[in-house]
Amino acid sequence: MGAPSTAPAPSPPALPEASAPDDRAPPEPAAPELPPPLRLRCGVQQYEWGRRGAASLVARLSTADSAAEIDEARPYAELWMGTHPAAPSAVLPGGEPLGAWLARNPAALGPAVAARWAGDLPFLFKVLSVAKPLSIQAHPDKGLAELLHAMRPATYRDANHKPEMAIAVTDFRALFGFAGIQELKDVIRTVPEVGGLIGHEDADKLMTVKEYHGGNDVKSSLQSAFAKLMTASKEAVSEAVNKLKGRLNDESKIRTLTEKEELVLSLERQYPEDVGVLAALLFNYVKLSPGEAIYIGANEPHAYLSGECIECMATSDNVVRAGLTPKYRDVQTLCSMLTYKQIFPEILGGVPVQPYVRRYTPPTDEFEVDCCLLPPGEVVVMPPVPGPSIFLVMTGEGEVQADSMSDGEKAKEGDVFFVPAHTEVRLSASGHVSMQLYRAGVNSRALHACNAAAAGKRSQLQNICEMAS
């Protein structure tokens with residue numbers, strides 16, 4: 001018998017290879033592909049104080065690229081560019097509301113903006129054409145806005161604060177903040193109609209305050225006097241305004257009235273027997289030339305009087321009114337919320353950031369505004385920023401070219417574009433006049449802070465990964 005055959009022993013099953021530890025930091029997610037700039041159709045508010053017909057810059061801008069005709073009998077007060085539900089902008093050509101489009105495309109806001117402002121545009125961009133004074137008003141801070149919205153949502157329709165900045169396009173006039181103590185003393189001494197409504201006790205307190213005393217004593221005295229004036233009876237106010245009007249008309253025959261006195265007579269013609277006519281004497285009278293700007297923080301009294309401006313603000317429409325208006329007046333809230341600071345507002349001129357571009361940067365995170373005045377044949381490149389922007393062509397014509405576009409788009413007066421985050425925009429001017437554009441975007445300081453925080457988190461994550469390896 002032969003030797004038994006031996007088959008080779010089967011090989012043991014292969015064991016899976018042990019995974020080598022990955023000492024690399026987790027890769028950042030690839031940036032989603034962003035669309036090119038979007039054309040917007042923007043809403044118009046036809047408040048009674050607006051300029052009428054073609055005399056209104058708002059009317060001319062809003063009808064420049066449409067078949068709509070300007071109604072010469074109607075006021076065109078404000079052009080709104082943004083997502084606020086009171087007049088949301090629409091994406092062209094389809095007409096989808098910009099807010100809905102952003103909800104579907106949050107990457108267009110940039111991750112930091114989308115996270116901080118709940119996937120919405122944090123600013124509202126406007127053009128104002130003012131023919132008649134707006135109300136004496138103030139905007140609440142965030143805490144007060146939330147409280148007012150919870151208590152009276154029909155009047156205060158959102159819970160956001162409303163810091164704002166106005167950049168004059170034409171000569172622009174406004175009331176802003178309380179005048180200095182010496183000017184207030186002059187009013188009490190020379191305008192008996194105001195002193196009579198304030199009363200002897202509060203008038204005497206203000207008259208004895210030292211010019212540079214400051215502190216709570218001045219604030220308390222001014223607050224008490226202002227509240228007395230604003231809450232005086234309708235009959236007492238009517239009598240005082242009529243007396244003031246008659247006296248100034250008589251005195252104008254023998255002397256030259258001051259600018260403030262001329263302003264008071266103008267206000268009275270537009271708002272007869274209104275307490276705001278008297279209150280105007282207590283505020284700073286601000287005159288802006290084209291290109292100059294003021295920033296208005298929370299709880300500061302103000303009233304725009306005349307002219308046209310670019311305005312940018314946090315996305316809100318909260319206004320607490322107390323005079324020069326037929327609308328609802330919330331006098332008690334206004335008197336209690338004001339800061340009662342006595343500082344003439346800083347006039348902002350913008351800071352050059354590159355040739356043809358000036359930047360207006362307010363002390364709030366939600367917005368900043370660039371003004372670009374581009375001569376014919378010139379080109380400027382707006383670098384990409386990690387937040388969204390809205391561009392408005394105010395005058396002239398040219399071309400807008402973005403890094404995500406194969407060809408440039410024609411741009412002319414009245415065109416409005418939404419530009420996603422991280423998009424470089426090349427602007428070129430053509431024709432025979434300069435092209436003037438305004439860009440609203442999230443405050444650069446806030447974006448840098450957000451990016452620094454995000455970089456810090458990535459660095460922490462990388463250190464954790466390295467320690468684990």
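- Residue Lys243 qualifies as open at atom NZ: its count of foreign heavy atoms under 6.0 Å is 12 or below.
- For Lys132 and Tyr271, the positive end sits near the middle of the six-membered ring, less than 6.0 Å away and at most 45° from its axis.
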Full working for side-chain hydrogen bond (donor to acceptor under 3.5 Å, both in side chains) between Thr170 and Glu308: CA-CA 5 Å; Thr170 66; Glu308 294 179 302; 4.7 Å; no

Evaluation steps, side chain to side chain contact (heavy atoms under 4.5 Å, CB included), between Tyr76 and Asp71: CA-CA 9 Å; Tyr76 294 78; Asp71 185 342; 3.6 Å; yes

Evaluation steps, side chain to side chain contact (heavy atoms under 4.5 Å, CB included), between Glu259 and Lys287: CA-CA 11 Å; Glu259 283 188 319; Lys287 295 176 287 185; 2.7 Å; yes

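- Tyr304 and Glu311 share a donor-acceptor pair across their side chains, judged by distance under 3.5 Å alone.
- Note: Phe176 and His302 have tilted aromatic rings, judged against thresholds of 30 and 60 degrees for the angle between ring planes.
- Looking at every heavy atom in both residues, Glu366 comes nearest to His161 through OE2-NE2, 2.7 Å.
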Audit row: Glu346, Ile294, side chain to side chain contact (heavy atoms under 4.5 Å, CB included) steps and yes/no: CA-CA 6 Å; Glu346 179 184 3; Ile294 54 171; over 6 Å; no

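- Between Phe125 and Tyr438, the distance separating the two ring centers is not shorter than 6.0 angstrom.
- Here the CZ atom belonging to Arg439 is positioned 13.0 Å from the CD1 atom belonging to Ile310, to the nearest 0.5 angstrom.
- A cation-pi contact, defined as under 6.0 Å to the ring centre and within 45° of the axis, is absent between Lys260 and Phe283.
- Side chains of Gln137 and Arg321: a donor-acceptor N/O pair is absent below 3.5 angstrom, by distance only.
- Just one residue in the list Arg157, His84, His139 forms a side chain to side chain contact (heavy atoms under 4.5 Å, CB included) with Asp317, and that residue is His84.
- In this model, no donor atom of one side chain and acceptor atom of the other lie less than 3.5 Å apart for Asn318 and Asn160.
- Ser444 and Glu368 are linked by a side-chain donor-acceptor pair at a separation below 3.5 angstrom, with hydrogens and angles left out of the test.
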